[in-house]
There are 2 protein chains.
Amino acid sequence: MNLIDQIIKQLYCFERQSISELSFLTKKSVPKVTEEVGKLVSEGILLEAGSAASTGGRRAMQYQLSVENLPYIVTIAIDQYFTTIAVLNFRNEFVVLPNRFPTNINNDQEAVISITKETKKLLSALDKNGNFIVGVTMPGFVDSESGLNRSFPKDSLCYSIKEYFENALGFPVQLANDSSAIAIAEHRFGDGRRSQNVLVVNLNWGVGLGIIIENQLYKGHSGYAGEFSHIPLANSKRLCSCGKKGCLEVEASLSCALEYVREFLEEKEPSVLQSVLAKNRVIDLSDLVRAFEAGDQTAIKAVKAITYMLGKGLATLIHIMNPEKIIISGNGAAFGRGLLPTIQAALQEYCIPRLSHSTEVIISNLAHIQIISTACIAVLQTNMYQYQHK
Amino acid sequence: MNLIDQIIKQLYCFERQSISELSFLTKKSVPKVTEEVGKLVSEGILLEAGSAASTGGRRAMQYQLSVENLPYIVTIAIDQYFTTIAVLNFRNEFVVLPNRFPTNINNDQEAVISITKETKKLLSALDKNGNFIVGVTMPGFVDSESGLNRSFPKDSLCYSIKEYFENALGFPVQLANDSSAIAIAEHRFGDGRRSQNVLVVNLNWGVGLGIIIENQLYKGHSGYAGEFSHIPLANSKRLCSCGKKGCLEVEASLSCALEYVREFLEEKEPSVLQSVLAKNRVIDLSDLVRAFEAGDQTAIKAVKAITYMLGKGLATLIHIMNPEKIIISGNGAAFGRGLLPTIQAALQEYCIPRLSHSTEVIISNLAHIQIISTACIAVLQTNMYQYQHK
DNA sequence: GAAACTTATTAAATATTTTATTAAGTTTCT
DNA sequence: AGAAACTTAATAAAATATTTAATAAGTTTC
């Protein structure tokens with residue numbers, strides 16, 4: 001990774017920075033950074049952005065990216081049941097607002113084809129002289145380098161999905177696991193910004209984990225680190241899709257919360273959700289969030305149940321990793337700070353106080369986290385050096 | 001850490017290396033390394049050690065440390081019930097053979113005083129013009145940088161134990177947690193030598209964990225990473241010293257194995273250990289190891305019980321960390337490869353196959369691991385630059 | 001409002017790395 | 001067996017980057 005690439009990426013994450021800040025961030029000397037920034041300014045990729053606030057001496061010139069001369073970022077965020085497409089610029093501003101539509105990843109071929117169609121439709125409406133980069137995030141054993149999702153059989157379109165999208169769309173594609181991407185985004189743009197060691201939980205239909213160590217995503221030996229979903233947690237009889245019993249995923253995921261709600265409603269518990277169920281025949285996540293925020297006892301009971309088990313899982317994480325922060329992100333973060341009391345109760349029960357006290361648990365407040373995180377990996381995994389001469 | 005310091009430490013770990021190997025290890029250029037090695041040779045700290053085996057071209061000159069011009073390493077390895085003292089040179093050869101004597105760390109003052117006495121006795125018999133470095137390893141929440149063991153109250157001699165030993169002995173002292181030190185030693189001298197990401201389990205009276213990521217000990221936010229002992233593991237009623245139930249420590253430690261043996265023998269199970277108990281009134285670890293190796297069913301039952309629970313704990317580690325290798329080290333490694341079948345059985349039950357298959361579990365075969373590891377941290381934590389001018 | 005103090009920028013000196021060259025030892029082919 | 005071709009190590013020269021010092025541009029204090 002060369003210096004120009006690094007400078008562009010730092011400015012993508014931090015918007016406006018001075019030479020000396022960039023020198024610190026890239027660990028290169030001031031004269032060297034000055035030289036490279038000069039080049040980028042003369043090529044129209046960087047802009048002078050006024051002088052920085054006073055720190056007691058001569059004020060530093062700040063620089064920012066010139067979004068006009070950089071490509072648009074097409075984001076394709078795939079989860080178990082939905083896909084969201086959007087287009088952003090290098091300031092993370094929406095060029096095309098998010099479009100969310102149902103896709104079942106278990107119907108892999110069908111899902112990929114409909115995603116391709118939607119994306120093409122969107123791109124044809126836009127014109128940027130083909131200056132696009134594409135980011136794709138999805139669950140599974142994803143290998144970013146090779147662009148493969150090894151959770152699918154080799155003949156599935158989802159297996160060599162990077163290659164598939166590159167051929168179908170005609171632009172460079174970057175692929176990442178959804179939880180890994182969210183971890184990176186929370187560390188760059190969210191509450192993890194000032195921390196070197198952060199764990200980010202992707203509370204979603206499953207429960208993912210991204211591990212940031214020394215400001216970098218920890219991938220493990222074969223790229224599968226963070227398989228939090230399937231750690232043995234409870235002596236329950238609930239069977240997991242992986243074939244084992246007592247996995248965290250079947251005790252602490254959003255799917256699990258919705259299932260609890262379904263059970264409770266079947267048992268005729270009084271709840272505002274009874275009327276929603278009657279009307280829509282189904283309870284979805286936003287229904288549950290609204291009921292939870294409104295103080296509905298059934299909703300609270302279901303959410304508390306998964307949150308407590310999540311907390312028990314976090315206790316194990318804290319003991320092993322001693323992280324500075326744990327950020328609860330993903331769709332489940334929509335429940336907000338109301339999750340914290342139950343998590344803290346579980347930590348109190350399962351953690352050595354000295355350890356739980358040195359880790360801060362935070363609920364993410366980043367909006368559109370799946371899209372932002374997809375844009376983030378699109379940029380960070382692309383070699384920006386190539387844009388020097390355009 | 002400057003280059004001279006790095007070169008000395010690399011040669012401590014790898015014995016004999018050529019310029020180009022050192023250049024690779026230190027990530028510095030060949031001319032620079034050549035210059036520094038030249039200095040060290042002229043000062044008598046390095047010796048030319050013949051040319052390397054042929055690799056198809058001109059043979060490289062190898063260099064090694066000149067132990068005569070480097071200090072002796074005094075190692076003080078403290079565990080829950082025993083302390084072992086030894087003296088080594090920079091080739092990890094014994095200058096004074098290990099001396100193991102009982103010390104109860106819970107009687108902190110008494111233990112420290114008796115260790116000091118033994119060490120002084122040993123040093124006075126030796127003469128190296130006061131050219132010693134001292135390493136101390138012990139269990140607890142140890143902070144190597146400040147030299148404090150925060151598991152003890154502030155007025156205990158064990159709290160500011162580095163300072164205490166430095167004053168009492170008059171030589172620089174390096175302090176580390178026992179499991180952290182063992183992890184570093186297994187990574188430098190043991191089966192973890194060729195791996196970047198290794199987990200080392202210190203199977204002892206408790207169960208410690210040292211995490212090596214990218215060839216470095218991972219310490220976590222406040223230095224307490226690897227508190228494997230107290231992760232919630234079982235729904236058992238056995239109470240842990242930490243006040244919680246179901247901790248790994250009370251299900252998978254050597255203390256636990258000995259307790260099982262005691263119970264089994266009380267229940268009059270036939271065993272070779274019955275006669276040992278009758279003779280010595282107590283069963284110690286070496287008795288259990290001998291019985292286990294001899295195929296004694298009671299010994300095997302006790303060891304299998306803790307090993308299975310350890311395996312369950314390892315499953316969690318593998319899911320989260322996806323390590324290349326897990327090395328079972330510490331006193332428990334004395335049971336040898338006989339531990340593996342039970343561990344593998346537990347992994348099969350609690351791990352996703354894709355993950356367990358990508359991690360290799362190994363039983364350590366390093367002799368004197370606690371002493372070697374103590375020497376290792378004594379050297380690696382000392383700034384070797386100072387020895388350039390002596 | 002000048003003097004003392006900070007900090008950014010630029011210039012010069014120093015240090016390091018890269019590249020090219022030369023030396024030394026292996027292998028291969030006749 | 002012995003020379004030619006091939007590797008790799010060690011050294012020298014050139015290119016590059018960093019450190020240090022000097023200067024410029026603001027702030028704060030008295």
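Here is the naming used below: chain letters follow the sequence lines, and residue numbers restart at 1 for every chain.
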B/Val30 or A/Ser29, whichever maps to the more 5' nucleotide of DNA chain D: B/Val30
Contact under 4.0 Å: B/Arg59 side-chain N or O vs D/dT7 OP1/OP2: no
G-U wobble or Watson-Crick pairing nucleotide for D/dA5 (cut-off 3.5 Å, both distances): C/dT26
Rounded distance (Å) that lies between atom P of C/dA24 and atom CD1 of B/Ile19: 16 Å
Rounded distance (Å) that lies between atom C1' of D/dT16 and atom CD of A/Glu36: 12 Å
Residue-phosphate contact under 4.0 Å: B/Ser20 side-chain N/O, D/dA9 OP1/OP2: yes
Side chain of A/Pro31 - closest among D/dT18, C/dA8, D/dA10: D/dT18
Euclidean distance, atom CD of residue B/Glu35 to atom P of C/dA15 [Å, nearest integer]: 9 Å
Nearest-Å distance for atom pair CD/C1', residues B/Gln62 and D/dT8: 14 Å
Atom pair distance, as rounded to whole Å: CG in A/Leu3 and P in D/dA17: 9 Å
Whether over 12 other heavy atoms sit under 6.0 Å from A/Gln10 CD: yes
Interatomic distance, A/Ile4 CD1 vs D/dT16 P [rounded to whole Å]: 14 Å
B/Gln6-B/Thr26 side chain donor-acceptor pair, cut-off 3.5 Å: no
Parallel, tilted or perpendicular: ring planes of A/Phe132 versus A/Tyr72, cut at 30 and 60 degrees: tilted
Gap between atoms CZ and C1', on B/Phe24 and D/dA10 respectively (whole Å): 20 Å
Out of C/dT10, C/dA8, C/dT9, whichever nucleotide has its closest atom nearest the side chain of A/Met61: C/dT9
Considering all heavy atoms, the nearest B/Glu36-B/Leu3 contact: CG-CD2, 3.6 Å
Listed nucleotide nearest any side-chain atom of A/Lys32, set C/dT18, C/dA8, D/dT18: D/dT18
Minimum-distance nucleotide to A/Ala60 side chain [options: C/dT26, C/dT17, C/dA8]: C/dA8
Between P of D/dT8 and CD of B/Glu21, the distance in whole Å: 13 Å
Check ion pair A/Lys219-A/Glu145 (N to O, under 4.0 angstrom): yes
Under-4.0 Å side-chain N/O to phosphate OP1/OP2 contact, B/Lys28 with C/dT17: yes
